[in-house]
Amino acid sequence: MVEELWSRIAEDKKIDLEWAEKEKRKVDIDTIQHSNVREVGAEWISYNAWDKLQLTSFFREQGWDEEQIQLAATQVVSRAVYPESELRTSKWIKENSGICELTGYDTDQITKDKLYNNSLKLYEIKDKIEKHLSITTNTLFDLEDKIILYDLTNTYFEGSKVKSKIAKHGRSKEKRKDAKLIVLAMVVNIEGFIKYSAIHQGNIADCKKLITMITKIKVHTCSQKAVIVLDAGIATEENLKLIEENGYHYVCVSRTQLKEYEPLKNRLTVILETKTKNEIQLKAIATIKNTDYYLEVKSNAKSLKEQGMKNLFEKLFEEELEKISNAINRKGGIKQSSKVYERLGRIKQKYPTANQYFDISVKINEQTNQVTELIWQKNSSKHDHTIEHLGIYFLRTNLNVRDEVIIWNIYNTIREIESTFRVLKNDLNLRPIYHKNDNSTMAHLHLGILAYWLVNTIRFQLKAQNIKHSWTEIVRIANTQKIITTTGQNTEESIISIRKCSEPSNKLKELMDVLKINYKPFRKRKSVVHKMTPNFLNSTENQLFISG
């Protein structure tokens, strides 16, 4: 009866319902409070990349339950946005980030141990994940992998790593001679997407383990006629033969500085200007011993750099010679021939390149066996010959392409893998490594590589529209968007709570437009907490009476 009466009153508009609703929405401005502010912009962009790469469906196919998938998404996105240790990441998720509101994982369940164990679980299916991502990105962005890049880098450990089987002393690219290393080998296409990655001992030479890479890329969707671009450190005769036997082509820097060669007839020197406005001269050449196609490359910028280094080392070498000479002429100085030769040996070992440009003679008093004079002069013929060849290196290929510009452009794509290593090491904080055991070390590196997939998916789309921001800059712009809870008391003394995203800045909108994602992960979440009901109305009888 009450419902029927209320319907008639509402239909006849005898009560202004809109006014009543508006009255409820009126909030006392003095009661408004903001709380639980979280970053959400970078997380939202990264989580969209996770969806674009179809990772949720992939993990379902692997038999993972929804909670495990939500944790994986939470961890990989967090690694991309906030690349820190499991302990710091767990604190960041709990106190700073809105990532769990996107993935659906319970924030209170986040612990460093769960993150640690989950990274190990992700590493167990490393090859399956890489194959899925390789196929997905090729399909998604219509890529063919006609050119792939192979290179190695290393990162160092903090700590002694006494029990580690993979941490070894080697040639550190960060000049950390004191620290043990681990080597990361990677195959990347020219769009920056990883085709295959492997982790090796820190003392492995650049030229080894190529056979493993070739075996893997055959099943990771690379074109069977792909061109593999290599740096000089990997381009041994054995490796080049191995590449050719497996049906691939190669373009690389020659490991040897060619001496006996001549320019090809009827071919002109090609002059190019690089993106950095440096001049490059390309000249096709012929050699007697080799059947491959060679290019002589002369770079003015490289020549100036090598000239500067040469001058510096010669200066330091001569300063050391001056010290030895001054000691010979000084009372009480080192004059004994064996000691002088020992000092000469040390500086020759320290500056081997500079040593070859100087003729050094030592005069010795045969009676006292003491050095009376040290004489040196620059060998002008050797010096002039070196000056002529500064800034010159040679490209080598088995491609049946006799076009200098094409070969140069193919080789120049190796900059992409260098960019990949920079992003991993700098933006994704892949160095140094603090983990104590080998399994956690490899899981740490793999998690960084998974985060890189999200990063490169985002940057690839932005670069297609000529937006070439670094990942650090993208995160900075995206972090201007927050998610916040606003509460206030209305005229009926009820507490109204709204959880809402801030409006993205114009710069962030520009990125989101290119990526084709919504400006906000959700519009608004509203809840109302009514004022306390008097105790005498709490009984069952009274509640039935009030409700009719």
Side-chain angles (χ1 to χ4, degrees), residues 39-53 55 73-85 88-89 92-93 96-99 102-103 119 129-130 133 136-137 140-141 143 149 151 153 155 173-174 184 186 188-195 197 275 413 415-433 444-482 504-517 521:
E39 296 173 351
V40 76
E43 290 90 327
W44 178 230
I45 288 176
S46 300
Y47 189 56
N48 271 272
W50 171 279
D51 282 340
K52 191 178 285 288
L53 294 172
L55 284 165
T74 300
Q75 186 170 19
V76 175
V77 170
S78 299
R79 188 70 176 78
V81 179
Y82 185 75
E84 290 291 346
S85 66
R88 289 187 177 183
T89 301
W92 177 78
I93 292 172
N96 299 86
S97 175
I99 179 59
L102 303 180
T103 62
S119 65
I129 296 175
E130 284 187 347
L133 291 170
T136 302
T137 49
L140 192 63
F141 300 117
L143 308 177
L149 319 168
D151 204 355
T153 189
T155 184
K173 295 184 184 296
E174 284 85 24
L184 177 62
M186 199 169 288
V188 177
N189 65 11
I190 59 174
E191 289 80 16
F193 291 107
I194 299 167
K195 302 284 100 179
S197 66
K275 292 180 180 179
T413 58
R415 310 293 177 221
E416 189 59 47
I417 199 167
E418 294 170 357
S419 173
T420 297
F421 287 142
R422 279 195 300 272
V423 172
L424 282 167
K425 288 184 174 182
N426 299 332
D427 293 353
L428 295 177
N429 205 19
L430 215 59
R431 62 181 178 190
I433 301 172
H444 164 80
L445 292 172
H446 179 242
L447 187 62
I449 290 170
L450 283 180
Y452 172 80
W453 275 99
L454 304 186
V455 171
N456 199 62
T457 300
I458 294 165
R459 293 189 70 217
F460 174 76
Q461 296 172 83
L462 295 176
K463 283 190 283 188
Q465 298 299 320
N466 206 32
I467 300 175
K468 300 179 181 179
H469 298 326
S470 68
W471 176 241
T472 304
E473 177 67 3
I474 292 169
V475 171
R476 184 196 68 78
I477 293 171
N479 277 344
T480 58
Q481 187 177 36
K482 314 290 183 186
S505 65
N506 290 334
K507 287 185 177 180
L508 182 52
K509 283 181 179 179
E510 182 185 7
L511 303 184
M512 289 177 163
D513 287 339
V514 172
L515 299 171
K516 297 180 181 179
I517 63 177

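Source: prediction; values computed, not measured.
With sequence neighbours left out, the salt bridge (Lys or Arg N to Asp or Glu O under 4.0 Å) criterion links Lys425 to Glu174.
A donor-acceptor distance shorter than 3.5 angstrom exists from the side chain of Gln461 to the backbone of Thr457, with no hydrogens or angles considered. Looking only at distances, a side-chain donor or acceptor of Trp471 sits under 3.5 Å from a matching main-chain atom of Ala80. One N or O on the side chain of Asn456 and one on the backbone of Gly192 form a donor-acceptor pair closer than 3.5 Å. Remark: side-chain polar atoms of Thr480 are paired, donor with acceptor, to backbone N or O of Ile477 under 3.5 angstrom. Judged purely by atom type and a 3.5 angstrom limit, Asn48 has no side-chain atom pairing as donor or acceptor with the backbone of Ile517. Side-chain atoms of Thr472 never come within 3.5 Å of backbone atoms of Asp427 as a donor-acceptor pair (strictly under, hydrogens ignored).
Annotation for Tyr452 and Ile194: closest pair CD2-CD1, 3.4 Å, computed over non-hydrogen atoms. When every heavy atom of Leu508 is checked against every heavy atom of Pro504, the shortest pair comes out as CD2-CB, 3.7 Å. Scanning both residues, Ala478 and Ala42, for their nearest heavy atoms gives CB-N, 3.3 Å. Taking every heavy atom of both residues into account, Arg459 and His469 meet most closely at NE-O, 3.2 Å. Annotation for Glu416 and Lys463: closest pair OE2-NZ, 4.0 Å, computed over non-hydrogen atoms. Summarising the geometry of Leu428 relative to Arg79, their closest heavy-atom pair is O-NH1, 2.7 Å, with the distance given to 0.1 Å.
In this structure, Lys195 and Val188 have side chains that are not in contact, with every pair of non-hydrogen atoms separated by 4.5 Å or more. With a 4.5 Å cut-off on side-chain heavy atoms, Trp44 and Glu39 do not count as touching. Taking 4.5 Å as the limit, some side-chain heavy atom of Val81 sits within range of a side-chain heavy atom of Trp92. Using a 4.5 Å heavy-atom cutoff, the side chains of Ser85 and Thr89 are not in contact. Side-chain contact between Glu418 and Thr153 is absent, with no heavy-atom pair separated by less than 4.5 Å. You'll find the side chain of Thr155 stays beyond 4.5 Å of the side chain of Leu424, heavy atoms only. The side-chain heavy atoms of Asn189 and Leu149, taken from C-beta on, include no pair separated by under 4.5 Å. Considering only heavy atoms from C-beta on, Gln75 comes within 4.5 Å of Ser119 through its side chain.
Residue Arg415 places its CZ atom among more than 12 non-hydrogen atoms of other residues, nucleotides or ligands, all under 6.0 Å distant.
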Test side-chain contact (heavy atoms from CB on, under 4.5 Å) on Leu184 and Leu430; report intermediate values, then the result.
CA-CA 11 Å; Leu184 177 62; Leu430 215 59; 4.2 Å; yes

Take Gln481 and Ser505 through the side-chain contact (heavy atoms from CB on, under 4.5 Å) test and state the conclusion after the steps.
CA-CA 7 Å; Gln481 187 177 36; Ser505 65; over 6 Å; no

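Note that CH2 of Trp50 is 5.0 Å distant from CG of Leu55, once rounded to the nearest 0.5 Å. With rounding to the nearest 0.5 Å, the separation of CZ in Phe421 from CG in Asn426 is 12.5 Å. Here the CG atom belonging to Leu143 is positioned 8.5 Å from the CD1 atom belonging to Ile190, to the nearest 0.5 angstrom. Here the CZ-CD1 distance, from Arg88 to Ile93, works out to 14.5 Å after rounding to the nearest 0.5 Å. Distance CD1/Ile449 to OG/Ser197: 3.5 Å, rounded to 0.5 Å. In this structure, OG1 on Thr137 lies 5.5 Å from CZ on Phe193, to the nearest 0.5 angstrom.
The residues Glu473 and Arg476 are annotated as salt-bridged, a charged nitrogen and a carboxylate oxygen being separated by less than 4.0 angstrom.
Under the 3.5 Å distance criterion, with hydrogens and angles disregarded, a donor-acceptor pair is assigned to the side chains of Ser97 and Glu43.
A side-chain contact (heavy atoms from CB on, under 4.5 Å) with Ser46 holds for exactly one of Val77, Ile474, Val455; it is Val77.
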